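Structure first, commentary second.
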There are 2 protein chains.
Amino acid sequence: MVGDGYTIGEVLNQLKEEFEDITISKIRFLESEGLIYPDRTESGYRKFTDDDIDRLRFILTAQRDHYLPLKVIREQLERVDAGQPPAAGPPLPEPALGVDQQPGQRAAEIAAALEAAVSGGDGLLLEQQAAQVSLNLRDFCEATGLESGDVRALRDFGIIGERGDDPSGPFDGDDLLAARAARELLRLGLEPRHLRMYRQFVDREVALFEQLITPLLRQRNPEARRQATRQLDKVATLTGRMKRALLVRALRGYVHGA
Amino acid sequence: MVGDGYTIGEVLNQLKEEFEDITISKIRFLESEGLIYPDRTESGYRKFTDDDIDRLRFILTAQRDHYLPLKVIREQLERVDAGQPPAAGPPLPEPALGVDQQPGQRAAEIAAALEAAVSGGDGLLLEQQAAQVSLNLRDFCEATGLESGDVRALRDFGIIGERGDDPSGPFDGDDLLAARAARELLRLGLEPRHLRMYRQFVDREVALFEQLITPLLRQRNPEARRQATRQLDKVATLTGRMKRALLVRALRGYVHGA
DNA sequence: GACCGCAGTGTGTGCAGTACATCGCCCTCT
DNA sequence: AGAGGGCGATGTACTGCACACACTGCGGTC
């Protein structure tokens, strides 16, 4: 061996202390898979630099300690080679927001007003004016900033509109609030189909709440009806709080651990 | 099909929304590998409970988001079955620092303080001190006003404590918040078993959120980690808002109509 | 010129499933 | 009541990944 750089056998011996299960054939395999590309001598022998060895160390650690498949490791290395450490999912192009349109001005105002009324408080505000809002498809798109394709998708997954509704509306204030939140979620990388579980869950929750308050509604007495509303508000607030605590605990472990 | 329990096809459809690449043969394969063991009918059909589905969800998440091999997942499940928490080898948690507390009276104060900190805002407050709280069973009962029987029930239905935790604690601040809300709900006439669906839902929601932020957490860059936390906060806030709109619309129809 | 180390190729192995092929159960429609 | 059709169960074969092992041939050194 003429010049500088380690032979494959020397590399093997250096890494063997740290990684039990390294072999020559594994190193060769990693090269054949494009994870490393050591230089070669005239006669074809591999010539490893210290950087190559660090790279190998990274690969072996990722495998042994994080069980990452080579495909994933290769992607990480490629990103590092390209100069970027960021590894976020899809690029997520930001669609221009904040630029409100002329004609739908009205609808957007309504949306903002509703959001303001709802924010900061756990209550349900069942008696609110959200029910009075009624928008057709065009205005609804303008007020939410959604394409009509997205609106269709949200309807298909039960986020807006009623089962078997007319596909073109009308949409009420609750649809508006749901759709505005949904739009942000889509921008953060969620797919409409992911939102379906929220609808499913709400259906279950509604069934539960119904069980609780049907006795009250069965009496025609208007006072009982008002009490039912108060009861609903309370139980929704409490379940919301409880759910949030469960979520926080689960996520806290996830963000800080692992 | 006679009684309770889902068939393999029903399980498939439930999980398909969350996990693209699940198939019947994969579920069968996981059983043959001893990761799940659903019950059988007389005639040999598999009969899945909700717990079985949760277990599957855990397995599939571990594979997809953490690339864990089945062998490792099986070991984790076995530890959970045996009553020990996951215990992830080397990374042992820091023994809680700061916020020391005296038992008894103090506990209720902490609870009130936590509730005040959380109320009025949709955010998650992941960085908050709720994690530092640590109460034993007696103090926890005092702080929440629950009987130890209720505490047990809440634990059995996944509202407080971790899967396979020590039944007598310790309980953290999130448990406290969840339990205080749960106590009110029980007073309003709900049964502990009704609360189980909230836990199930949170598990699904966490799996969804994990999908979104694992790419960020995979880089051990602390800035990416902070961004992941912000992202989580955003997505939790938005889904919460959206869910509330869905709920309100559904309940409005119920209270006023029918 | 023997011999060790490295090169390349080919075949084998365990894991994590997929793809059939075949048979049995169960619900529905007539 | 009986006939289909759909779903479910099992078993075998086949695939892709991540290597391990064996064999043969060449380079360089003593």
Side-chain angles (χ1 to χ4, degrees), chain A residues 1-16 19-48 52-53 55-56 58-77, chain B residues 1-16 19-49 52-53 56 58-77:
Chain A
M1 182 66 41
V2 223
D4 41 12
Y6 310 95
T7 69
I8 196 167
E10 288 164 354
V11 171
L12 180 73
N13 286 326
Q14 280 192 46
L15 292 174
K16 204 138 213 173
F19 304 94
E20 299 273 284
D21 62 342
I22 180 94
T23 63
I24 288 201
S25 84
K26 184 163 180 173
I27 297 172
R28 287 207 276 247
F29 172 72
L30 292 175
E31 187 192 12
S32 78
E33 292 296 303
L35 289 158
I36 54 173
Y37 18 82
D39 207 1
R40 300 281 184 137
T41 66
E42 280 299 274
S43 57
Y45 281 29
R46 291 175 183 81
K47 239 175 26 178
F48 292 83
D52 290 327
I53 295 181
R55 200 179 171 90
L56 273 168
F58 176 82
I59 295 164
L60 295 170
T61 306
Q63 282 197 295
R64 186 191 52 190
D65 297 342
H66 304 295
Y67 304 97
L68 295 189
L70 294 191
K71 211 172 83 169
V72 175
I73 298 173
R74 178 165 38 222
E75 279 161 20
Q76 288 187 4
L77 285 171
Chain B
M1 183 61 41
V2 223
D4 41 9
Y6 310 96
T7 68
I8 197 167
E10 289 163 354
V11 171
L12 180 73
N13 287 326
Q14 281 192 46
L15 292 174
K16 214 154 207 156
F19 305 95
E20 301 272 280
D21 63 341
I22 179 109
T23 62
I24 288 201
S25 70
K26 183 162 179 173
I27 297 173
R28 288 206 272 247
F29 172 74
L30 292 174
E31 186 192 12
S32 78
E33 292 296 302
L35 289 158
I36 54 173
Y37 18 84
D39 206 1
R40 300 284 184 131
T41 67
E42 278 304 90
S43 58
Y45 280 30
R46 290 176 183 82
K47 236 177 24 179
F48 293 83
T49 66
D52 289 326
I53 295 180
L56 273 168
F58 175 82
I59 295 165
L60 294 170
T61 305
Q63 281 196 294
R64 186 192 52 195
D65 297 341
H66 307 296
Y67 304 98
L68 296 188
L70 293 190
K71 210 173 80 170
V72 174
I73 298 172
R74 178 168 34 224
E75 280 160 19
Q76 287 187 6
L77 285 171

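All values derive from a computational prediction rather than experimental measurement.
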With a 4.5 Å heavy-atom cut-off, do A:Leu12 and A:Ile24 have their side chains touching?
yes
If you compare all heavy atoms of A:Leu56 against all heavy atoms of A:Phe48, which two are closest, and at what distance to 0.1 Å?
CD1-CE2, 4.3 Å
In whole angstroms, the gap separating C1' of D:dC17 from CG of A:Leu70 amounts to 8 Å
Protein-to-nucleotide contact annotation, 5' to 3' order, nucleotides 4-9 of chain C [B base; S sugar-phosphate only; - none; under 4.0 Å, heavy atom]
-BSBS-
Provide, to the nearest angstrom, the distance between the CZ atom belonging to B:Phe19 and the P atom belonging to C:dG17.
13 Å
d(CG, B:Leu56; C1', C:dG17) in whole Å:
15 Å
To the nearest angstrom, how far is B:Ile27 atom CD1 from C:dT18 atom P?
10 Å
Think B:Ser25 has a side-chain N or O under 4.0 angstrom from the OP1 or OP2 of C:dT18?
yes
How is B:Glu33 classified with respect to the nucleic acid when contacts are heavy atoms under 4.0 Å: base, sugar-phosphate, or nothing?
nothing
For B:Thr41 and B:Lys47, which heavy atoms make the closest approach, and how far apart are they?
CG2-CD, 3.7 Å
Could you state the CD1-C1' distance from A:Ile73 to D:dA18, rounded to the nearest angstrom?
11 Å
Taking A:Arg74 for the side chain and A:Glu33 for the main chain, is one N or O donor matched with an acceptor at less than 3.5 Å?
yes
For B:Glu20, the salt bridge (Lys or Arg N to Asp or Glu O under 4.0 Å) test, sequence neighbours excluded, returns A:Arg193
Within this structure, what is the CZ-to-C1' distance between B:Phe29 and D:dG8, rounded to whole angstrom?
19 Å
Expressed in angstrom and rounded to an integer, what is the separation of A:Leu12 atom CG from D:dC19 atom P?
14 Å
Please state whether the phosphate of C:dT18, meaning OP1 or OP2, lies under 4.0 angstrom from any side-chain nitrogen or oxygen of B:Thr23.
yes
Ignoring hydrogens, what is the shortest heavy-atom contact between A:Ile73 and A:Gln63? Give both atom names and the distance.
CD1-CG, 3.7 Å
A:Lys26 side-chain proximity, nearest of C:dA16, D:dA18, D:dA20
D:dA20
Can you name the residues that form a salt bridge (Lys or Arg N to Asp or Glu O under 4.0 Å) with A:Glu31, not counting sequence neighbours?
A:Arg40, A:Arg46
Can you check the A:Asp21 CG to C:dT13 P distance for me, whole Å?
20 Å
